[in-house]
Amino acid sequence: MAKYEKAIIGQFDEVVERLDQDISNSGISMKLVDETNYTLGDAKVAVRVYDKYFMRNGNRASLSLTVVGHDQTVFVSAIGAGGGQGIFLNFSLGAEDDMVRIVRSSLEGS
């Protein structure tokens with residue numbers, strides 16, 4: 001499992017759109033599995049789950065993205081999971097890290 005979280009200043013809808021574009025354009029096998037959006041008063045929440053096939057280890061990995069916005073503050077949580085091999089040890093070749101890195105790059109520009 002890999003995790004990245006960051007609070008930024010920005011427009012909620014623009015951040016969600018940019019993340020969705022950057023994640024979706026990161027590879028041909030990257031797919032949006034499902035999404036949900038919720039608004040409660042001034043707070044907005046967007047949850048996205050992505051799935052990607054990695055040929056190097058023959059497995060799929062998932063990226064769970066949660067974006068919470070209130071006023072100009074936007075909190076982003078990205079959790080990558082799956083992508084490991086083995087029943088007990090869950091040996092990973094870094095698929096989860098690769099997926100979380102897409103979110104980090106989108107937000108930090110690196």
Side-chain angles (χ1 to χ4, degrees):
M1 184 186 81
K3 183 163 117 176
Y4 169 78
E5 295 181 326
K6 184 167 182 84
I8 62 171
I9 302 299
Q11 296 294 322
F12 176 83
D13 294 327
E14 292 174 9
V15 172
V16 171
E17 179 64 27
R18 182 177 73 232
L19 285 166
D20 185 55
Q21 286 179 0
D22 290 346
I23 293 167
S24 296
N25 293 333
S26 68
I28 194 164
S29 66
M30 181 69 81
K31 304 290 182 218
L32 176 63
V33 176
D34 208 346
E35 66 180 274
T36 190
N37 300 291
Y38 186 72
T39 300
L40 180 63
D42 293 338
K44 294 182 178 182
V45 179
V47 177
R48 307 284 186 269
V49 177
Y50 299 88
D51 181 76
K52 183 175 183 178
Y53 177 74
F54 285 85
M55 290 183 68
R56 70 175 175 246
N57 62 2
N59 285 333
R60 302 191 78 74
S62 70
L63 175 66
S64 298
L65 180 70
T66 304
V67 183
V68 180
H70 183 263
D71 294 330
Q72 296 292 311
T73 302
V74 181
F75 174 77
V76 177
S77 176
I79 300 173
Q85 293 182 343
I87 295 173
F88 300 109
L89 297 178
N90 195 22
F91 178 74
S92 175
L93 295 174
E96 302 97 337
D97 292 323
D98 288 351
M99 294 182 77
V100 169
R101 194 174 299 116
I102 298 164
V103 175
R104 179 187 310 260
S105 296
S106 181
L107 292 178
E108 298 179 3
S110 54

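Excluded from the calculations below are hydrogen atoms, water molecules and symmetry mates; all remaining heavy atoms, backbone and side chain alike, are included. Quick caveat: nothing in here was measured; it's all calculated off a predicted structure.
The closest donor-acceptor contact from the side chain of Ser106 to the backbone of Val103 lies at 3.5 Å or more, if one exists at all. Looking at Arg104, its side chain never comes within 3.5 Å of a backbone N or O of Gly109 through a donor-acceptor pair.
To the nearest 0.5 Å, atoms OG (Ser24) and NZ (Lys52) are separated by 11.0 Å. Annotation: the span from Arg101 atom CZ to Leu63 atom CG amounts to 12.5 Å, rounded to 0.5 Å.
Inter-residue side-chain proximity for Ile23 and Leu65 is flagged as met; some heavy-atom pair is nearer than 4.5 Å. The closest side-chain heavy-atom distance from Val100 to Ile102 is not below 4.5 Å.
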TODO: Go through the steps for Asn37 and Val45 under the test side-chain contact (heavy atoms from CB on, under 4.5 Å), then give the verdict.
DONE: CA-CA 6 Å; Asn37 300 291; Val45 179; over 6 Å; no
- [ ] Please step through side-chain contact (heavy atoms from CB on, under 4.5 Å) for the pair Leu107 and Leu19, ending with a clear verdict.
- [x] CA-CA 8 Å; Leu107 292 178; Leu19 285 166; 4.1 Å; yes
Open item on the list: Set out, in order, the CA-CA distance, both residues' side-chain angles and the distance that settles salt bridge (Lys or Arg N to Asp or Glu O under 4.0 Å) for Asp51 and Arg60, then state yes or no.
Closed with: CA-CA 7 Å; Asp51 181 76; Arg60 302 191 78 74; 2.5 Å; yes
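Closest of all the heavy-atom pairs between Ala61 and Met99 is CB-SD, 3.4 Å. The two residues Glu35 and Leu32 make their nearest non-hydrogen contact at OE2-CD2, 3.3 Å.
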Using distance only, find each side-chain donor-acceptor pair of residues 1-16 under 3.5 Å and give its atom names and separation, not counting sequence neighbours.
from	atom 1	to	atom 2	distance (Å)
Tyr4	OH	Glu108	OE2	2.7
Glu5	OE2	Ser77	OG	3.1
Gln11	NE2	Gln72	OE1	3.1
Asp13	OD2	Lys44	NZ	3.3

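Between the side chains of Tyr50 and Asp20, at least one donor N or O sits under 3.5 Å from an acceptor N or O.
A 6.0 Å sphere centred on CG of Asp42 holds no more than 12 heavy atoms belonging to other residues, nucleotides or ligands.
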